[in-house]
Asks: 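Have a look at this one.
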Amino acid sequence: MADAPSATAQDARADGGSGPPRVAAKRLGLYTIPIHRAFADALAVGLVRRFGGDRMRLAQGVVLVPTNRAKRTIQDAFVRASGGGLLLPRLVAIGDPEVEEAAGAFADPADDAPIPPAIEPLARRMILARLVAEERQRAGRPIDGGEAVRLAGDLARTLDQLLVEEVPPHRLRDIVLDETLSAHWERSLELFRVVLDRWPGELAALGRIDLADRRTRLLRRLCARWSSHPPRGFVCSAGITTTAPAVAGLLRCIAGMERGMIVLPGLDTAMADEEWAMLGPHDPDPVTGRRRRSIETHPQFHMKVLLDRMGVNRAEFVRWQAASEHDATPTRSRAIATALAPADRTHHWIDVPAADRRLSGVRMVELATPAEEAQAIAIALREALETPGRTAALVTPDRALARRVAAHCARWDIRVDDSAGQALSVLAPGTLLLALVEAAAQGFAPVALLALLKHPLVRSGDARVAWLDGVRRLDRALRGPRPAPGLAGIDRHLREGEMRDAAVREQARPFWEEARALLEPLAAGFAAGSQPPAALLALVRETATALAGDAAWSRPEGRAAAELIATLEAESPAGPPSVDPQNLPAMLRTLLDEVAVRPPQGEHPRLAILGLLEARLQTADLMILGGLNEGVWPALPAPDPWLAPRIRQELGLPGLERRIGLSAHDFASALGGREVVLTRAARDATAPTIASRLWLRLQALDDGLERVGSLRDWARAIDTPEAYRAASRPAPKPPVALRPRRISVTEVDRLKADPYAFYARRMLRLSPMDAVDADPTAAWRGTAVHGVLERWAVEDGLDPVKLQRRLDALRDDPRTHPLLRALWVPRLREAIDWVAGFTQEKLGEGRSVIGVESDGVLQIAGVELRGKADRIDRAADGTLAIIDYKTGKAPSAKAVAAGYSLQLGLLGLIAERGGFPAIAGIAGAFEYWSLTKDGDSFGKMTTPVSPDGSRGRVPTAEFVARAKAHFEDAVARFLTGDEAFTAKLVPEYAPYAEYDQLMRRDEWYGRE
């Protein structure tokens, strides 16, 4: 690198350097690489130019970088810049928890007193959780251990901020609370004070210190050592913008060395001094003592804080004199600075020359949905590979978008992993652990239980196929309303479920006995109530091993899960003494969310998916910035449940909006790529989205910004067929010999109104299944009521008091859905009272009950007609009364007149022909006893007939004959005849939709 021009050092002041110059013997080594240049390549080219002439001179140097990812990026940049073999300088990531090991002896020399080791993060979390739980208990506001662990995570983050900012804990005691602070914040602050008072004692007992405190001590020691004994080679701080006082002090020390260099990314040296001063932080008002609010959302704010803490002036920085082939044009930096100016300065945009507002090389594409956005990004990445040597990177804070893009790339056999990693909670071992605790916490409810048993890691070896066969049998047996809680509830369900499912339940029982044995220890542990977390975690670990074996703990994500569980078991004795098992899922999910599993080495050589932290100092030929919606990029500030914003300001902690400024700086840095594509989705899974403020600023600055319509079109076209061919109305016509010769009275309407549905059920044998853990359907409610009334008539002798007891038993049955217990049973009680009273009234008129839930069979028209009568009474005149209980609405007279809803007439036909055992006579009454609301009461009797056929009803004497004629006509057409089974033949009497998808109804209905 060519030597930078000499400059006179100036005394730096917080307002941006308006004070008088002060001549120094040597200028500080302060440099910046503008946004439009590729930081890592420019840095490597410059260092090789300056020190590469002597191979050992470059190797003797030290380059401090912010992260290990940045370290690898700069290593690659040195390789590109060298053009051959090169002895690299020592690269040290100051963000590495083991920074002293990475830095070597110069950071932690052997002759200095050792710094105490740092406490393990989970041990710290557990101890803080215990302190929080104890203090909440002492304050009369007890919480469970699981909630204490969650609060301890927020407490640890706030404590780290105090340590990083080197705010002494006693400052909390000096804060004067006023009436503007709510009682909630007062309680939180008091609890925070008490915990901080006890925390040093806990650390001292362990001989440990906080990790943030240890890093601060290491950096302070390194600064002191380098001040007195500078290294032999050069020292370069590259891309470090952390504003921590210890880091700022170290950077100031390096800048003052003879061979020291500070290289900042994207420091805006062209910003007007007035605008720079607007950013803050501001001095307190001499009268009120209040500070004017800083513009922490500005991308340069944290840079200004860093410079202020270093005690240097922005004017002392000079441009790093090196470039690379990945750079954009200089106008890009000016346009970005203009676009991200403070809101009070945007009115000057009209004065900015058009050339300085032009974002050449930047394109925007707005997609309809996140799925379409991911598809478009994947296509752009794939397109980049068509050019040899071309690189591309997606930068996004949206990890769901990153996963989608990676999945889309897999269709071309391109593996590009998300370098930001994935939370352990969404990876297979994490989801297995969560499925375990969720199933146990929910009492092994069907959905949670089946999700656990079907997990891909469970029996993942050779036994997987047989295991899944068993799970599917259990799945079928658990269809419908939820069984009683616990393993015992499933046992009872498989023994005592509905008779129609007896064969299915019998097939599921052997597998359930095998699975039950594996789950029983976990179920017993959760049933024991609150207990030490180590005991619960041991049960979870043992059950996971029993179900999945080594597969649960293999691969990087499995080892991460094993390490987390082992560490939790080891450290939890120092935490809260007990945890409610019901809170364990939330606690475990919180901890799993905080563990990021990053892909191993061997990433795609030309494509990358990066988070915001990983993208710092990165560049590629094509930079794609995805997820540019408000709340995503920038993300909403995370609240601090411990310290109110005003208290944070008084303590000098970063404002909650500081992260927005950091996100804006990350955006500006990525926007400096040579070619950039910006993407956003117009809506997410639930509602329309709001474009990011960053997106809107670019739109407002450069209204001629190029839109990438081709990407949107390709994303929509890639899975769209050239033409759609709609299905026609199905009308299968099987041979007469294969058509059913048996039909029930309830199927006749389906045969006439929707022959295809009859064909699908009876000939294809496709019966719709209930959902797992389904809400009780009308059919289920009807079955339950019919069962109560049947047992009342057969076993209780129609005693009204015993009928109420039957209803009480239905209400108290653990299998009864809570919603039915609360809402439906009280309504049913009034209707049941009506049934009992109306029954007694009819008995008083001379009726007698001669059949309850009676099965009848009749050979007629070449087929067998079957039916079940809810109740058959013998009237005083000897005729039969056919009664049908209805929990819903009774059929209308119009439907009966049209030849539908003739179930009562067909039952009367069977009765008159002697089809019901021990029942004979002429049907003279046909009644629907409806349990629905009628006016202000429940219960009503209706009939489709009348003696004279008045009011549109069928004459009573003709009802059976008419039902017989309609039935024989339907049989002659569809069962003994060869008429096609046409779908929705009479749609107004075919209301059920079980087979609509099978017949592809929406493709043809209404088009013919």
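Heavy-atom basis, side chains included; hydrogens, waters and symmetry copies ignored.
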Asks: Would you find a donor on one side and an acceptor on the other, under 3.5 Å apart, between the side chain of T67 and the backbone of A70?
Replies: yes
Asks: Output yes when a side-chain donor or acceptor of D417 lies under 3.5 Å from a complementary backbone atom of S419, and no otherwise.
Replies: no
Asks: Roughly how far, to the nearest 0.5 Å, is OG1 of T241 from CD1 of I262?
Replies: 12.0 Å
Asks: Can you name the nearest heavy-atom pair linking A596 to A420, along with the distance?
Replies: CB-O, 4.3 Å
Asks: Decide, yes or no, whether a salt bridge links K304 with D308 under the criterion of side-chain N to carboxylate O below 4.0 Å.
Replies: yes
Asks: Given Q618 and T73, is the side-chain hydrogen bond (donor to acceptor under 3.5 Å, both in side chains) satisfied, shown in steps?
Replies: CA-CA 7 Å; Q618 307 288 323; T73 299; 2.3 Å; yes
Asks: Would you compute the distance between atom CG of L694 and atom CG of L625 and round it to the nearest 0.5 angstrom?
Replies: 9.5 Å
Asks: Would you say the side-chain atoms of D210 pair up with the backbone N or O of A212, donor to acceptor, closer than 3.5 Å?
Replies: no
Asks: I'd like to know if R198 pairs up with E135 as an ion pair, taking the criterion as any Lys NZ or Arg NE/NH1/NH2 lying under 4.0 Å from an Asp or Glu carboxylate oxygen.
Replies: yes
Asks: Do D580 and S530 get their side chains close enough for a donor-acceptor pair, meaning under 3.5 Å?
Replies: no
Asks: To the closest 0.5 Å, what do you measure between CG (D154) and OG1 (T590)?
Replies: 9.0 Å
Asks: Measuring from atom CG of L662 to atom CZ of F667, what distance do you get when rounded to the nearest 0.5 angstrom?
Replies: 15.0 Å
Asks: Judged by atom type as modelled, is there a donor-acceptor pair below 3.5 Å linking the side chain of R214 to the main-chain atoms of P116?
Replies: yes
Asks: Got a salt bridge between R130 and E134, using NZ or NE/NH1/NH2 to carboxylate O under 4.0 Å?
Replies: yes
Asks: Would you call D144 and R136 a salt bridge, using N to O less than 4.0 angstrom?
Replies: no
Asks: May I ask you to decide if the ring planes of F192 and W642 are parallel, tilted or perpendicular, using 30° and 60° as cut-offs?
Replies: tilted
Asks: Can you tell whether the side chains of D213 and R217 come within less than 4.0 Å, N to carboxylate O?
Replies: yes
Asks: Would you find a donor on one side and an acceptor on the other, under 3.5 Å apart, between the side chain of Q300 and the backbone of G266?
Replies: yes
Asks: Establish, from distance only, whether the side-chain atoms of Q161 and R648 form a donor-acceptor pair under 3.5 Å.
Replies: yes
Asks: So how far is it from T396 OG1 to L612 CG, rounded to the nearest 0.5 Å?
Replies: 7.0 Å
Asks: Does any donor atom in the side chain of S294 or H282 lie under 3.5 Å from an acceptor atom in the other side chain?
Replies: no
Asks: When you measure from the side chain of E438 to the backbone N and O of A448, does any donor-acceptor pair fall under 3.5 Å?
Replies: no
Asks: Considering residues, nucleotides and ligands other than E650, do more than 12 of their heavy atoms fall under 6.0 Å from its CD?
Replies: yes
Asks: Under the criterion salt bridge (Lys or Arg N to Asp or Glu O under 4.0 Å), which of R399, R598, R72, R69 is the partner of E614?
Replies: R598
Asks: NE2 of H298 to CZ of R658: how many Å apart, nearest 0.5 Å?
Replies: 14.0 Å
Asks: Are the charged groups of D418 and R403 less than 4.0 angstrom apart, N to O?
Replies: no
Asks: Do P370 and R404 touch side chain to side chain, with heavy atoms closer than 4.5 Å?
Replies: yes
Asks: Looking at R125 and E594, does any basic side-chain N land under 4.0 Å from a carboxylate oxygen?
Replies: yes
Asks: Looking only at heavy atoms, what is the nearest atom pair of L251 and S237, with distance?
Replies: CD2-OG, 3.1 Å
Asks: Could you tell me whether a side-chain N or O of T216 sits under 3.5 Å from a main-chain N or O of A246, the two making a donor and an acceptor?
Replies: no
